Each structure stands twice: as C-alpha cells, then as structure tokens.
Amino acid sequence: AVDSYGALRVNYQGGRYVGTNVGAILTPSGGRTANVWITDSTPPKMIHIFTESINQQTLQVTLQLNEPGTVWCQTGDLSGNPAYC
C-alpha cells in the first residue's frame, strides 16, 4: 500500500503485540487469541508491496492482507519440485 504521496506504507505488528493475548475485547492488549478457530468463508486479498534481492540466495518479499492473517510461503524450482521455507 502507498500513501497519497506514493511512498510505501509499512504495515506490520511487532512481535510483542502479536504474542500478547487480546484480553478485553473492547480494549485489546495484543493480537493473540488462543484456541479459537473460525471458518473464514471469504478469502483475503493479498497485495504485493515490494520485492528485493538481499543477496544471491535470499529474496525479501513484502505482502499485505486486507484483513488480519498470516501469509505462509513455499518455494519451488522450475522443474516443479517444491522446497519448503
């Protein structure tokens, strides 16, 4: 996502917030909700923000979802044999 000047908007949650229990629903202390699984019938929209080559073996890809969630990745080579990250 970008702001009105065209600059990238960084959108992330710090590890401390993500690992802290929500606590009170109206005034959450964190983003963790343990032991709750809800069926999500609407897929999130994934937005590609940025891709950068860190070195010859590493790519850094920044993605953003339009709702809270986790993005998992899997790499693959051109032969179709997957390798896991």
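Source: prediction; values computed, not measured. One is the number of the first residue; the rest follow in order along the sequence.
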Search all heavy atoms of [X] against all heavy atoms of [Y] and return the closest pair with its distance.
| X | Y | answer |
| --- | --- | --- |
| Lys45 | Asn66 | N-OD1, 2.9 Å |
| Ile49 | Gln64 | CD1-OE1, 3.6 Å |
| Leu63 | Met46 | CD1-SD, 3.5 Å |
| Arg16 | Thr20 | O-OG1, 2.6 Å |

- Query: Within a strict 4.5 Å, meaning less than it, do heavy atoms of the Thr62 and Glu52 side chains meet?
  - Reply: no
- Hey, does Arg32 have a side-chain heavy atom less than 4.5 Å from the side chain of Asn21? yes
For residues 53-60, run the donor-acceptor check on the side chains, cut-off 3.5 Å, and write out each pair with its distance to 0.1 Å, sequence neighbours left out.
residue: Ser53; atom: OG; partner: Asn55; partner atom: O; Å: 3.1
residue: Asn55; atom: OD1; partner: Gln57; partner atom: N; Å: 2.8
residue: Asn55; atom: OD1; partner: Thr58; partner atom: N; Å: 2.9
residue: Asn55; atom: OD1; partner: Thr58; partner atom: OG1; Å: 3.1

- Query: Do Ile47 and Phe50 share a hydrophobic cluster, counting only Ile, Leu, Val, Met, Phe, Trp and Tyr and linking them when any side-chain heavy atoms are less than 4.5 Å apart?
  - Reply: yes
